[in-house]
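Worth knowing before you read on, the calculation uses all heavy atoms, side chains too, and leaves out hydrogens, waters and symmetry mates.
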Amino acid sequence: MPDRTPQEDLLIVEALVEFQYREQEARPERADRAWQLATAIAASHGLEVEDALAQRDAV
């Protein structure tokens with residue numbers, strides 16, 4: 001698979017955060033893992049999750 005673009009990573013972060021929010025009570029372990037992945041992907045671009053989501057809104 002080719003490298004992802006920063007815009008694709010923002011979409012992935014958004015999807016992971018949405019999954020984490022939706023599943024935090026039903027599947028807390030998977031929700032926590034989704035948050036960890038979102039955090040790692042955002043950090044790979046020098047961002048916090050909140051900053052990545054704010055940039056998504058600007059795109």
Side-chain angles (χ1 to χ4, degrees):
M1 178 174 185
D3 291 334
R4 295 183 310 258
T5 67
Q7 291 79 18
E8 290 169 330
D9 278 352
L10 291 177
L11 178 61
I12 292 168
V13 169
E14 179 180 9
L16 288 166
V17 170
E18 184 175 326
F19 177 89
Q20 185 273 335
Y21 178 77
R22 213 177 47 242
E23 298 294 325
Q24 60 189 349
E25 292 195 22
R27 297 191 289 173
E29 298 84 14
R30 291 192 50 96
D32 287 345
R33 183 63 182 136
W35 182 260
Q36 292 169 6
L37 288 169
T39 300
I41 293 170
S44 75
H45 295 281
L47 300 169
E48 298 289 329
V49 170
E50 294 80 5
D51 298 325
L53 294 176
Q55 285 197 11
R56 167 219 56 199
D57 292 338
V59 172

Review point. For Glu48, what residues pass the salt bridge (Lys or Arg N to Asp or Glu O under 4.0 Å) criterion, not counting sequence neighbours?
Key: none

Review point. Should Tyr21 and Val17 count as side-chain neighbours, where that means a heavy-atom distance under 4.5 Å?
Key: no

Practice item. Could you tell me which residues satisfy salt bridge (Lys or Arg N to Asp or Glu O under 4.0 Å) with Glu23, sequence neighbours excluded, listed by chain and number? Key: Arg27

Point to revise | Nearest heavy-atom neighbours spanning Gln20 and Ala31 | key: CG-O, 3.1 Å

Revision key, fill the gap. Residue set satisfying side chain to side chain donor-acceptor pair (under 3.5 Å) with Arg30, at least two apart, ordered chain then number -> none

Point to revise | Salt-bridge criterion met for Glu29 and Arg33 (N-O under 4.0 Å) | key: no

Study note, to complete from the structure: For Ser44 and Asp9, the nearest pair of non-hydrogen atoms, with its separation, is OG-OD2, 4.5 Å

Check your understanding: At their closest point, which heavy atom of Glu14 faces which heavy atom of Leu53, and how far apart are they?
Key -> CA-CD2, 3.8 Å

Review point. Do other residues, nucleotides or ligands put more than 12 heavy atoms under 6.0 Å from Gln36 CD?
Key: yes

Review point. Can you get from Val13 to Trp35 by hopping between Ile, Leu, Val, Met, Phe, Trp and Tyr side chains that sit under 4.5 Å apart?
Key: yes

Review point. So, do Leu37 and Ile12 sit near enough that their side-chain heavy atoms are less than 4.5 Å apart?
Key: no

Point to revise | Verify same cluster id: Val49, Leu47 (apolar side-chain graph, 4.5 Å) | key: no

Exercise for review: Assess whether side chain to side chain contact (heavy atoms under 4.5 Å, CB included) is satisfied between Leu10 and Ile41, documenting all intermediate values.
Suggested key: CA-CA 8 Å; Leu10 291 177; Ile41 293 170; over 6 Å; no

